[in-house]
Every structure is written in C-alpha cells, then in structure tokens.
Amino acid sequence: MRVQEIAGDWGVENLKLAERPTPTPGPGEVLLKMKAASLNYRDLVVASGGYGRRAGSLPLIPVSDGVGVVEALGEGVEGLSVGERVCPLLFQDWLAGELDDNASFSSLGGPLDGVLSEYMVVKASGLVKTPEHLSDAEAATLPCAGLTAWAAVIGQGVKPGDTVLILGTGGVALFALQFAKMAGAEVIITSKSDEKLARARELGADHTINYLQNPEWGKTAKEISGGPGNNNSGVDIIVETGGGGTLPQSLQAIRTGGTISLMGVLGGQTMDARVYSLVMRRVRLQGITLAPKVDFEAMNRAIALHRLRPIVDRVFP
C-alpha cells in the first residue's frame, strides 16, 4: 500500500511517498480503507519534531485526523460492520474520564503512525461512527478540530444566553462558533481580516472585532457583553487560541467567575499576565486537549441532530 511518511530527518521537506505492506487486523482490531485526511496545526508541529518524544520516531506516517471505511474485522470485534464509515480517535486509549499520561502517548500521527496511508489498522475501541450526512472531507475534520471546540465550549458548560468570545477564524474557532450558536449562546469573534469577520457573521456570529484596528479588543468584548446597568459585565467563556500573546486581553474580557478555555499557542508559549486578576475574580483557566471517546460520540449525535456541517476551506487532491 502507499503511504506518506517522514523519513531520514524531521521536517515537512522529508515527507515522501513510500510503500509498506498492507496490514492485517489482529484480535480486537479493525482494518480501515482510508477515504480522507484533515490537516491541523498540530501536524506541522509533529513534522518538525516539535513535540519531542511525543512526536515518536522515524519513519513516521503523519497526520492525526481522518475518516475511513471498515475493510476487515479482527477476531472478537463486535458493534462494527464491514463497510461502515468511522473516524479513528486521535488519542486511541482515551475512552472516558480524565486524560492520563498513558493515554496522552497513544496519539495518531505521532508517536503512533497516522492516517496518511491507503489502509491502517487500529483498535476497535479507538473508533467512532460518523454522522451520515457529512462528506468524507467534512467527517475527517472531527477528531481534532471538532472535538477540541466541543471540549472548549460544550465541555465547559455553555448554556442558552451565555456570551462566548472566540479568538480567530481557524478550524477550531469556526467549530466553536457553530457549537456555541447551537447551544443558544451569543457569540463575539475576533480576526484581523474584515473579510473573515464578514464570513463569521454569515455563519451566525452576533458581534465581530478586528483586533488590528482595535488593540483593546478585550475591553470592547466586555462592553458588548455587559449591557447597561450590568455590574458583572464580561463574557462567560473564551475560546482562547492565541496563548501568551492574547491572554492579557482575554483577562480584560472575561467576567468574574468566567472560564477561559486555553488550547492554542499561536500568539506565544509564555505569558505575562496579572495573576491577581485570576485570583480575585475567580477566573477559571482551563487547558483544553481534546476530549475522550464518550464525548466524541455525544458530539456526533449533536452534529447529526442539528445537521451541522463543518466549514472546509480547501480540498487537496
């Protein structure tokens, strides 16, 4: 079978087409014929060896997110049938409960081989069935971008009438916008592009802020969410994709007792923020790294019920 693998040394420039034997599923395993893969920022970090030993060793088949069709079942597999379409979990061993160190090292696309292959074998427990109304390209976006957004919004208890601030218009951000609106929340979204902000409004954003034109966007978001006479103004939940570079403004925007769902470091990996603001205002800073299989299944039920469609930017041959 054909695979794309990183060999020789780390770096996207060392990604090559190669041949490997088609695997055979053992007991409790499933052989998938892969239909589509979805690219995430994480895949670029892994390709550069940026996660250290969590990136695994070479040669490595990269990319964590994909969708495939069940081709063959290993001995003892129940609940799946040949021909069903499924997504492999990014963390193959995180089925329920909290993430632990063992599960965190079970990730596809580093250290385990990923989805850029014609066929792959995974544990039957490490698969979820996909919503039927989605295309292969749309379904392939669910394991990382979709589930991260679900964990950041629904997993943090957003409810009707809450105000959610979302930073940026990338894959996780657009999923977060859709999930927040699905839950009945008011959504503020930021970007440096007026064109992207216009698109976000078409997708349901209630308010938009161009952060290049408005460097004090945290204060603006707080004013939007507060309303006249509200003594506890500020947003309820922030989907924080920037990291250290944007956290000070996020602390300006968040209400007392609010939650900042931190999952991105696009704006820097270190932060200079006033700890006093966190402590005295009882702000919850929650690191987000996906969610377990049970949450993935819940997300897929919601996507199917609401006929939600992921926003796919481009499809490559």
Side-chain angles (χ1 to χ4, degrees), residues 145-146 148-268 271 273-274 277-278 281-288 306 308 310-311:
T148 298
W150 180 267
V153 176
I154 305 301
Q156 301 311 309
V158 67
K159 59 187 182 298
D162 280 352
T163 303
V164 178
L165 171 63
I166 300 169
L167 307 192
T169 53
V172 173
L174 292 181
F175 264 118
L177 167 59
Q178 292 177 291
F179 290 145
K181 294 305 298 180
M182 184 179 73
E186 183 179 17
V187 174
I188 308 167
I189 198 163
T190 70
S191 174
K192 63 182 178 182
S193 165
D194 286 338
E195 181 181 354
K196 290 181 178 179
L197 290 175
R199 177 64 173 140
R201 288 192 293 272
E202 291 175 2
L203 294 171
D206 300 285
H207 311 277
T208 57
I209 303 172
N210 185 314
Y211 62 78
L212 286 185
Q213 299 172 11
N214 185 354
E216 295 295 318
W217 50 266
K219 181 180 179 181
T220 300
K222 184 172 185 176
E223 291 171 350
I224 290 171
S225 63
N230 188 336
N231 293 323
N232 190 28
S233 62
V235 302
D236 298 287
I237 292 178
I238 299 178
V239 179
E240 180 37 283
T241 61
T246 53
L247 192 58
Q249 286 297 314
S250 289
L251 286 171
Q252 285 281 331
I254 197 71
R255 70 165 172 81
T256 298
T259 297
I260 300 175
S261 295
L262 177 64
M263 86 288 292
V265 293
L266 296 176
M271 59 186 179
R274 297 177 62 187
S277 295
L278 288 166
R281 294 168 58 220
R282 293 178 60 85
V283 172
R284 182 168 176 248
L285 183 60
Q286 176 65 56
I288 300 293
H306 291 272
L308 184 149
I311 307 303

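Values reported hereafter were calculated over all heavy atoms of this structure, with side chains retained and with hydrogens, waters and symmetry mates removed.
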Contact summary for [X] and [Y], nearest pair of heavy atoms:
X      : Y      : result
Ala149 : Phe175 : CB-CB, 3.4 Å
Thr148 : Met263 : CG2-CG, 3.6 Å
Lys192 : Asn210 : O-ND2, 3.3 Å
Ile254 : Thr259 : CD1-O, 3.5 Å
Val235 : Ala221 : CG1-O, 4.1 Å
Ile166 : Ala176 : CD1-C, 3.6 Å

Nearest-0.5 Å distance, [atom1] of residue [X] to [atom2] of residue [Y]:
X      : Y      : atom1 : atom2 : result
Lys222 : Arg255 : NZ    : CZ    : 12.0 Å
Ser233 : Ile224 : OG    : CD1   : 11.5 Å
Gln252 : Ile238 : CD    : CD1   : 10.5 Å
Thr220 : Asn214 : OG1   : CG    : 3.5 Å
Leu167 : Ile188 : CG    : CD1   : 10.5 Å

- Item | side chain to side chain contact (heavy atoms under 4.5 Å, CB included) evaluation trace for Trp217 with Thr246 | CA-CA 10 Å; Trp217 50 266; Thr246 53; 4.0 Å; yes
Under 3.5 Å: donor-acceptor pair, side chain of [X], backbone of [Y]:
X      : Y      : answer
Thr190 : Gly168 : yes
Gln286 : Leu262 : no
Thr163 : Glu186 : no

Are side-chain heavy atoms of [X] and [Y] found at a separation under 4.5 Å?
X      : Y      : answer
Ile260 : Leu247 : yes
Asp194 : Gln213 : yes
Leu308 : Phe179 : yes
Val158 : Asp236 : no
Arg284 : Gln156 : yes
Thr208 : Lys196 : no
Ile237 : Ser261 : yes

- Message: Tell me if the NZ atom of Lys181 is crowded by more than 12 foreign heavy atoms within 6.0 Å.
- Response: yes
- Are more than 12 heavy atoms from other residues, nucleotides or ligands located less than 6.0 Å from atom CD of Glu202?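 Correct, the count exceeds 12.
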- Task: Begin with the C-alpha distance, continue with both residues' side-chain angles, and end with the deciding distance and a verdict on side-chain hydrogen bond (donor to acceptor under 3.5 Å, both in side chains) for Ser250 and Glu240.
- Result: CA-CA 8 Å; Ser250 289; Glu240 180 37 283; 2.6 Å; yes
- Task: Show your working on side chain to side chain contact (heavy atoms under 4.5 Å, CB included) between Leu203 and Ile189 and close with a plain yes or no.
- Result: CA-CA 11 Å; Leu203 294 171; Ile189 198 163; over 6 Å; no
